[in-house]
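Each ligand, and each atom within it, is numbered from 1 in the order the structure gives. Hydrogens, waters and symmetry mates play no part in the numbers below; they use all other heavy atoms, side chains included.
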Amino acid sequence: MKSNTIKSINPFNGELIKTYELFTDKTVENTVNKAHETQQDWKLLDIEDRTELLAELSDTLLKNKQIYAELMTNEMGKPISQSIAEIEKCMFLCDFYETNSEELLSDEIIDTEAEESFISYDPLGVILGVMPWNYPFWQVMRFAVPTLMAGNTVLLKHAANVSGCALILQKLFEDAGFPKGCFQTLLVNHNQIESIIADSRIKAVSLTGSEKAGRKIAEIAGRNLKKCVLELGGNNACIVLNDADLDKHLDTIVNARMQNTGQSCIAAKRFIVEAGIYDVFLEKFQKKVSSLKHGEPLNSKTQITVLARPDLADDLQKQINDSIEKGAKVIIGNIKKDAYFAPTIVTNVTPGMPVFDEETFGPVAAIIKAKDVDDAYELAANSKLGLGTMIFSKNTNDAIDRISSIEDGAFFVNELVKSDPRLPFGGTKNSGYGRELSREGILEFTNKKTVYVSK
Ligand SMILES: O=CCCC(=O)O
């Protein structure tokens, strides 16, 4: 029998935080209708009236930073210092779009023989966001803020385990003064999503989530001729070349994998290390990973803690054990207890093993030895996923010359792949399509209308 409730469970202590009732079809209808009706007025507001609400949004985030951070940490186990940093990043996003939305959305004049010709960036309508649990505030905000500024309204279907965050996000927008109906949360299950996407009032979908979820949503959206933006999994390579400055970059390299206890789509998952630096790298990397502070998520010193759910730890262990059968070697970790999975380093990794071919969503570093620079880039490019690649090397000119050898959505030199409101964010291959953030993100859910005026 299907359940009409969803549960939010603290992954650190297994305690039930709260049980939520799923919306009935009637409640879904009222919510979609409210979003549609609100959009009719919202789209007519001057852009300054919309952007000024972002100052309030940022203030509300600041005022409630601790409350929001603790809620995230309790629902999905993120170390509290990282939850606080996540709220601060949301504030930076608000500041960016408060300052820049007007310019980003202004008409783009194109010279033709017409009296006037330009592109007008008009809103599409109601946009559905289907969002994951790993950055419960950030991923929602980075979709919702530019989408709203463009004159759309937003509906959120969040991951079930962060339903408390989902509801408080709606309250956040309302407390900041956004008209009711601009941002609404739908507590619905996967079966209900299909009819929501099919509804003629929903104009497009943005999904951040797994490849499997992306295929499903894209299929439903395609059947209904709705646009979608998909930000899916990643299997980012972190190339470490012989001339890398490890003293300078080791913390960044470790953080690239271990941030959010390894549960990040853009984390470094495959460390491709040139032969000449391999032994030194491995020794330093292992030492640094072993020194990370494990503990309770709410302790401000904790760097590594539980995963968001026990089944995620099971998945990781299976990927590692299957890789061991194919010749991989575990040098630390591979220890599991409930939702905890110890930081793990796997060596002797080659293509064909799950820890090379698949995304590992937890603190697992697969180390691959590359013969030389060409081999390192070839190994990095050998992935069905394409979110980003990072290269650590003093020879930045050589790295720049090789940009086109990597098909990913991002290429970072001497820095971890990260999202930033000022830069586009998104992937290629099975990591999805479309872009979030920056100018690209705010224009995704607009009708790029051609206007041609002749006398
Ligand atoms: O899981 C994806 C990470 C998203 C981000 O850091 O912006």
Side-chain angles (χ1 to χ4, degrees), residues 61 69 72 75-79 81-94 96-97 129-147 158-159 161-162 165 169 206-214 229-238 252-270 307-309 312 315-316 358-364 383 385-390 408-412 415-438 440-442 444:
L61 283 162
M72 274 193 273
E75 288 201 309
M76 53 67 70
K78 188 189 297 279
S81 61
Q82 297 178 28
S83 294
I84 287 173
E86 182 168 335
I87 300 298
E88 287 166 353
K89 190 165 172 179
C90 293
M91 291 166 59
F92 180 41
L93 170 89
C94 293
F96 174 79
Y97 280 110
V130 181
M131 293 292 142
W133 47 262
N134 59 337
Y135 292 88
F137 267 63
W138 166 247
Q139 316 244 42
V140 172
M141 297 291 280
R142 90 166 163 214
F143 149 68
V145 166
T147 302
H158 216 327
N161 57 337
V162 290
C165 291
L169 276 157
S206 179
L207 170 111
T208 298
S210 66
E211 191 183 326
K212 186 169 159 224
V229 167
L230 300 176
E231 200 270 276
L232 311 177
N235 193 6
N236 289 1
C238 172
T252 303
I253 293 174
V254 170
N255 193 29
R257 174 65 277 201
M258 298 299 164
Q259 56 176 310
N260 210 22
T261 314
Q263 301 162 109
S264 171
C265 54
I266 47 170
K269 284 158 193 153
R270 297 173 298 142
L307 302 178
R309 298 188 315 258
L312 296 163
D315 292 346
L316 277 181
E358 300 168 9
E359 175 170 43
T360 48
F361 218 63
V364 176
S383 175
L385 299 167
L387 274 187
T389 293
M390 55 213 100
D408 299 357
F411 186 88
F412 278 61
E415 181 54 286
L416 53 79
V417 174
K418 59 184 175 185
S419 55
D420 179 320
R422 298 164 293 185
L423 297 166
F425 182 83
T428 59
K429 303 193 249 183
N430 292 352
S431 292
Y433 45 77
R435 290 292 177 267
E436 298 191 272
L437 300 173
S438 76
E440 308 298 323
I442 199 170
E444 279 289 5

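Inspection of the R257 and T360 side chains reveals an N or O donor paired with an N or O acceptor under 3.5 Å.
Annotation for ligand 1: atoms under 4.0 Å from non-hydrogen atoms of S264 are 1 (O), 2 (C), 3 (C). Within ligand 1, the atoms closer than 4.0 Å to a non-hydrogen atom of W138 are 5 (C), 7 (O), numbered from 1 in the order shown. Under a 4.0 Å criterion applied to the non-hydrogen atoms of I266, ligand 1 contributes the atoms 3 (C), 5 (C), 6 (O).
Remark: minimum distance from atom 5 (C) of ligand 1 to any protein heavy atom is reached at S419 OG, 3.3 Å. Given atom 2 (C) of ligand 1, the protein heavy atom at minimum distance is C265 SG, 2.1 Å.
In terms of heavy atoms, L232 sits closest to G214 at CD2-CA, 3.7 Å. Among all heavy-atom pairs drawn from I84 and A69, the shortest one is CG1-CB, 3.7 Å.
Contacts between Q139 and ligand 1 below 4.0 angstrom, taking non-hydrogen atoms only, involve the side chain exclusively. Residue contacts with ligand 1, taken as heavy atom pairs separated by less than 4.0 Å, involve R142 solely via side-chain atoms from C-beta onward. Proximity of N134 to ligand 1, defined as any heavy-atom pair under 4.0 Å, is confined to the side chain (atoms from C-beta onward).
A donor-acceptor pair is defined here as one N or O able to donate and one able to accept, closer than 3.5 Å; such a pair exists between the side chain of R270 and the backbone of N235.
Relative to the ring axis of F137, K89 does not place its NZ or CZ within 45° and under 6.0 Å from the centre.
Contacts of F425 classified as ring-ring contact (aromatic ring centres under 6.0 Å, His included), with partners at least two apart in sequence or in another chain: none.
Screening residues 424-435 for side chain to side chain donor-acceptor pair (under 3.5 Å) gives E211-N430 as the qualifying pairs, with residues at least two apart or on separate chains.
Remark: ligand 1 and K89 share no N or O pair separated by less than 3.5 Å (distance only, no angle test).
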